Amino acid sequence: MQRRSITAPVILIFVLAALLIASAWFTDHYILMSFAVLAAGLLFMLVRFESRKMEVGELVIIAVIAAIASVGRIPFAGIPGAQPTTFVIIVSGVVFGAETGFMVGGVAALASNMVLGQGPWTPWQMAVWGLIGIISGLLRNRRFMQNKWGRILFGAVCGYFFGAIMNIWGLYAAGGPAGTLSTKMVLSYFGASLLFDSFHAISNALFLLVFGDIFIKILTRFKGKYGLLQ
Amino acid sequence: MKRFHDFHPIVTFSYYIGALTLFIMLLHPVFLAAGFLLILAIHYMDDRCRGLQRWFFFMLTTGLFVLVLNPVFNERGMNLLFTVGSHRVTLEAVVYGGMSGISIIGIMAVFVSYNVVMSPNKLLFLFAKVLPRFAVLLMLTLRFIPLMRKRLTEIGDVQVSKGLSVREGTLKERGKNAMGHIQVLLTYSLEEALQTADSMKARGYGYSGRSSYQHFVIKRSDIAALLYMFVLLAILAYGRLHGYGWLEIYPVMEAFTFPRKEAVLLAAHCLFIGFPLIVETGEYISWRILN
Amino acid sequence: MAYIELKNVTFSYPDANQPAVKNLSLTVEKGSFTLLFGSSGSGKSTLLRLLKKEIEPNGSFSGEVLIDGEPTSETGGGKVGFVFQDPENQVVADTVLHELVFGLENMGLKTAEMRNRVAEMVHFFGAEPLLHRKVEELSGGKKQQMNLASVLLMQPEILLLDEPTAQLDPVSAREFTNMLVRLNEEFGMTIIVAEHRLEDFMGVAGKVVMMERGEAIFAGPPEECMEALWKSEKRAFIPSLPAFFMSVGGKGRVPLNVRDARKWFTSSDISVTGKAAGNKKSQAKSQTVLTVENVQFSYEKEGATILKGLDFSVEKGSFYTMLGGNGSGKSTFLKIIAGIHAPQKGKVTLNGTRLKRLKREEIASAIGYLPQNPKLFFLHDTVGKELESTAEKWGKDFEDAFAIAKRLGIDHLLASHPYDVSGGEIQKAALACILLRSPQILLLDEPTKGLDAVSKKELAKLLLECKSEGKIILMATHDVEFAAKYANRCGMMFQGIITSESPPETFFKGSFFYTTMIQKLFRQVDGGEAVTVEEAVRQCSADPLQPRSS
């Protein structure tokens, strides 16, 4: 156990270094390179997930929350732009920490696409929801995340963050791998998604405002029930 | 496409990864067009393109969007086609937009086929080999998703009977009620899942070395298929590194020629993407001869 | 020597003020079939879990648990298989085959070995066609059989089952019970099962253990247990046949199934003379509150039609039970009346107004719907808060809410989480919230599912009270004994319409399978028209000295 948890980061550092050096050569393939970085990151988290010590209950909790995150938009069918997925991932990160937050986000994206149909967007969704989970987990002990308004602000930022990352794959599709992206194009592309991202940001903030505390309370209660309190 | 479906998941998975890479890497009008036609043929053979129809509108709009986006925002290039006001529309931008468009449509078509052939079970099987714990997590999640959907319906029914609907009332009420449903679903499911965790423990999960049931066995034909794909990919990678199979547009658009070496590469490209077609045709012929 | 032995076992959960299992000693022979029963929260589940190391509860433990002479803490739980209550929750995979091999994979078996075992097991269960099906598509009964198979594949020597048939309909429950009997008889499997469904299990168990507040207050053969219970205040636990036997002072061995009961009855000198129908008078026609005319409904546009031109009406003060098999449309019917779904054709009229003309709140204030699973009812994390918010929504005082809670005997639970209370209590809590809206009609979907005998009796009392207040009780149920005892009208739903409808006395007399144990006993007796124990006693005790007419 101990040995493996050290090898994983070492491998990651090597891979990242290799990718950085490679990207100096293949400057016109920066998007492919970013894709490789993303793949390396996902792989690293997966290897860590495999090797760390873990209760069965934790596995089941991740699966339950990920499944809820991926079906959560059903009751919101009549409300444009609202879906609770990001909100659920943020609160799981806050309660269970970065690694669990990442798994909830990543698995929610992968599994719901396995049901609905995979597309080129799958890895990006995995990455962005995984990252939101990680960041919520890493920041959970900071003072502003302990504060309700801090979390609400964070939720709003996550809405735009999600949009920004998803735009990257959209831009890749639009601009292709060669360096034809002009600043104007990037700006107008991001501008076009701004309205949609704002909906996302506002709904995240509202969910955290009205339901944030109760969801955190519920998850904390089950953390105890599953015997996962450290 | 029975025969292709029956390959070991590692074969089908490699095929789709390879096909995606080719659509991303070989940006050349002829290669893209040939690849796209072959994918269409595969869809036709599989289900007369019925699976593709569901995505048709999305693919068409995305393709057109990408095609138009380039000339609209990109004025670079020497071969001026025409100008709109002060905006230059260049051949480079149009060709580039066209290639990107076909590339993205091709990628989506590959994914649509992937979703038909690579059932969740096959992907789970591949994960179980390398990432056993993640495979169990994914299996659980996939099992929970339909269960959660069913529970959401039940919750909706009960809450509606209490006068709390997600379809009536102001936006605020609807949003609040909908989130209430998610809250009940979360609490209820986590409570019930305590039993899932116990049932896993009671069946010995997490104690000693876990094996995995071989739902699929590697046969000689699988190895042959892997070798076939590997050789073709090696040829294509070699060609690509030497500048073939790729139309240079910027800084200077290369003259549109098609040297013999490029033709060889195109053959390899078609043999790779058309692999499922070859397999099925071979199967069809051998059936005819045998019977 | 005893195979499983518990010596002075006491166990307490961390925050409990009373032990869940108290100074309990028990022995179980190899190859025996033991039934654990007692009201909810009497410690049955805890006791079972103490026998399976992997799912041992956390808390303070004293005493000794020996399996085959060795303490469980040393041997582990490899010999012991465990089946849980809910068929749905135990499942970890989305296809049957994946689910079956899950335990085998955990044991680290080779694929060839797994294949052999699965092949055998599938053959035993006759489940070849199900092997590659999605778990979602299986019925509850089949799912529970799959869970059993998945445990059996690991080849345990002892099988522990925690209320395995509580969530199943009577037909699937019987099928499951027969499977257990086969395992016990053909393979000598040692089985311990905790159950409320005593009607089925009393007859098959070799030994029964009754638990109360963590103690085993009786352990021995079922016949003796019946006699002991008859002398105590816990008569509610006695199934109808032995209850009848003892009510009329029957002699000899206590009969536990219809065959033995009939043998005893024909050889006894009890005569059938009196009238079965006693104080149940046919009521004068009162005001019709709800009518349903020619209702048709399907969930999806192209999907199967669930209700096919259903007609129905119900009067003030009725206690109506709707019986019928799985998928006959009972639940859907209740949901239509509750206004949850709108019928595609036909009309539902409440007090002369079309249901679809009413606002959501107006329907909810007149009609209360208690779902099969009351847990889905609660939005708040304590019973008290749920009541409070209901009171607020419907403009009632909290005093009213508290009064109802007190009347239902749940006022001590106001600070509890709804999921932490027993099945009977959570149902009452949901009913309290519904009654607070003071509805005219109460709709209940399978309210007796998984309830112990005492909770069932309390539920019946409450419903009869509501009925006497003039409310309409309409419930969908599989529980024929409950329907026969308390309803004043029964309906049979079959393929989307109500095929027959009458008071329980006549309703059950005509049925062959779908009827009570007492009616099965009296069917071939001349003049025997009793359906419930009370009626049977009344019929037989009218003049016990007169010779039988046949």
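Each chain gets a letter, A, B and so on, in the order its sequence line appears, and its residues count up from 1. Everything numeric here is computed off the predicted structure, so don't read it as measured data.
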With chain B as the partner, which of [options] has the greatest number of non-hydrogen pairs under 4.5 Å?
{"options": "C:V83, C:D94, C:N106, C:L443", "answer": "C:N106"}
{"options": "C:E361, C:M107, C:M154", "answer": "C:M154"}
{"options": "C:L109, C:V151, C:V135", "answer": "C:L109"}
{"options": "C:A338, C:S150, C:A112, C:S365", "answer": "C:S150"}
{"options": "C:Q90, C:K110, C:E362", "answer": "C:Q90"}

Please report whether the ring centroid of [Y] lies less than 6.0 Å from that of [X].
{"X": "B:Y16", "Y": "B:F111", "value": "no"}
{"X": "C:F82", "Y": "C:F84", "value": "yes"}
{"X": "C:F102", "Y": "B:Y205", "value": "yes"}
{"X": "B:F7", "Y": "B:F275", "value": "yes"}
{"X": "C:H417", "Y": "C:F378", "value": "no"}

Given side-chain hydrogen bond (donor to acceptor under 3.5 Å, both in side chains), test B:S199 with B:R203 step by step and report yes or no.
CA-CA 6 Å; B:S199 122; B:R203 282 183 282 168; 3.1 Å; yes
For [X], is it the side chain, the backbone, both or neither that has a heavy atom under 4.5 Å from a heavy atom of chain B?
{"X": "C:Q372", "result": "neither"}
{"X": "C:K359", "result": "neither"}
{"X": "C:D381", "result": "neither"}
{"X": "C:H380", "result": "neither"}

Portion of [X] that has a non-hydrogen atom of chain C nearer than 4.5 angstrom:
{"X": "B:Q159", "answer": "side chain"}
{"X": "B:A202", "answer": "both"}
{"X": "B:T187", "answer": "both"}
{"X": "B:E168", "answer": "side chain"}
{"X": "B:E191", "answer": "side chain"}

Taking C:N89 for its side chain and B:A193 for its backbone only, find out whether a donor-acceptor pair lies under 3.5 Å.
no
Please walk me through it: do C:D445 and C:S331 pass side-chain hydrogen bond (donor to acceptor under 3.5 Å, both in side chains)?
CA-CA 6 Å; C:D445 197 355; C:S331 298; 3.0 Å; yes
Specify which of B:P132, B:S165, B:S212 makes the most heavy-atom pairs with chain C at under 4.5 Å.
B:S212
Heavy-atom pairs under 4.5 Å with chain C are the metric here; pick the option from B:Q183, B:M200, B:E154 that has the most.
B:M200
So which atom in B:V279 and which in B:F4 form the shortest heavy-atom distance, rounded to 0.1 Å?
CG1-N, 4.4 Å
Nearest heavy-atom neighbours spanning B:K162 and C:A364:
C-CB, 4.0 Å
